[in-house]
There are 2 protein chains.
Amino acid sequence: MSAAETAVETIQREMTVFARRARASAGRMHPELSLVSYTLLGHLEESGGRRATDLAAHYALDKSTVSRQVAALERSGLIERRLDPEDHRVQVLDLTAAGREILAQVTRSRRAAFRERLADWPEEDLVRFAAYLERYNAGRTAAG
Amino acid sequence: MSAAETAVETIQREMTVFARRARASAGRMHPELSLVSYTLLGHLEESGGRRATDLAAHYALDKSTVSRQVAALERSGLIERRLDPEDHRVQVLDLTAAGREILAQVTRSRRAAFRERLADWPEEDLVRFAAYLERYNAGRTAAG
DNA sequence: CAAGCAAGTTGTACTGTGCAACCAGAGCGG
DNA sequence: CCGCTCTGGTTGCACAGTACAACTTGCTTG
């Protein structure tokens, strides 16, 4: 196997390990906000006023899944739905003040954890690692 | 924000994006072998003769979870367990021929997807990216 | 208007997971 | 040798996240 193939192999394996751990630790770190909820809230913050269907399409989730997630977030008072006056089938979703608050809080704590973990990395490596990840994710294949 | 802080921010965000996508796409890609099973099988192939406890530690999974996964893999005939003659509490796990077969098959398809995605990366970058990921995962913090 | 399409909800089922309780074997101090 | 404790593993239970299918409601179009 060439060096490149070995590297691809390693990237594949380590990404998978990471994904597993991320899911495991996300719950422990922020019991108040699951990884899904966190992601959805983040998405709504960035591009407010989305519909559930948009979220489902964007994350390749079933509409029923999104429906339940959204219902839970609303029950928790983190988002609100209002009927689109143009089309009464549609519900437009937006963060509430509380939602923004929690999201900011979780973002802070996540950020702190990452920063701690990466504390002893030389800046040069951090910058390069970040660039690689961005480049990787910019791809659109399903290799995920 | 310093360059290092920006990089940490990016790493956090991109890792999260990756985690979400991985989970979404894994099931669709190989219905015959769940992501967990695949990961465990791969681990066993690389470093045969592991114990369930080792797997649990490595993937930050509860021992009960690993126990069930292992039981399922054994039922499917992909791994076999034998009692450690030295210590009768311990079960040493190993792939069966069928297990190696399936694993190779899934690995081929995963590898193809990754390789396609990473096709236009220079070898030097692949190697460095792989090294960063390994280093990141070698850390033991709960940051995911 | 009737037929069909689109947005969401609900019923059902399955997977992956953790925690707690438990069992069995090993090891140690008296 | 006996009990205590530790370790590896299993099982009962609960729960989150997910998909699929059936359904409701509202819009759109022939």
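Order of the sequence lines sets the chain letters (A, B, ...), proteins ahead of strands, with each chain counted from 1. All values reported here derive from a predicted model rather than from experimental measurement. All values below come from the heavy atoms of this structure, side chains included, with hydrogens, waters and symmetry mates left out.
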Side chain to side chain contact (heavy atoms under 4.5 Å, CB included) against E124(B), all qualifying residues, sequence neighbours excluded: R128(B)
With sequence neighbours left out, write down each residue that passes salt bridge (charged side-chain N to carboxylate O under 4.0 Å, His left out) with E46(B), or none if nothing qualifies. R13(A)
Can you tell me if the side-chain N/O atoms of S67(A) get under 4.0 Å from OP1 or OP2 in dA7(C)? no
Who pairs with P85(B) by side chain to side chain contact (heavy atoms under 4.5 Å, CB included), at least two apart in sequence or on another chain? none
As a test of reading the structure: which of dT10(C), dT17(C), dA7(C) is closest to the side chain of Q69(B), going by heavy atoms? dT17(C)
Going by the salt bridge (Lys or Arg N to Asp or Glu O under 4.0 Å) test, which pairs reach into residues 51-71 of chain B, not counting sequence neighbours? R50(B)-D54(B), R51(B)-D54(B)
For nucleotides 20-27 of chain D, give me every protein contact, N/O to N/O, under 3.5 Å, one pair per line with atom names.
unit_1  : atom_1 : unit_2 : atom_2 : d
dC20(D) : N4     : S64(A) : OG     : 2.7
dG26(D) : N2     : R89(A) : NH1    : 2.8
dC27(D) : OP1    : H88(A) : N      : 3.0

Whole Å only: how far is the CZ atom of R50(A) from the P atom of dA7(C)? 14 Å
Between CZ of R81(B) and C1' of dG8(D) the distance, given in whole Å, is 12 Å
Rounded to whole Å, CD1 of I79(A) lies from C1' of dG8(C) at a distance of 13 Å
Okay, side chain of S76(B), backbone of A72(B): is any donor-acceptor separation there less than 3.5 Å? yes
OP1 or OP2 of dA7(C) under 4.0 Å from side-chain N/O of Q91(A): no
Show me the pairs that pass side chain to side chain donor-acceptor pair (under 3.5 Å) and involve residues 88-104 of chain B, at least two apart or across chains. E45(B)-R100(B), R81(B)-Q91(B), R82(B)-D94(B), D87(B)-R89(B)
Whole angstroms only, please: what is the CG-C1' distance between L61(A) and dA16(D)? 13 Å
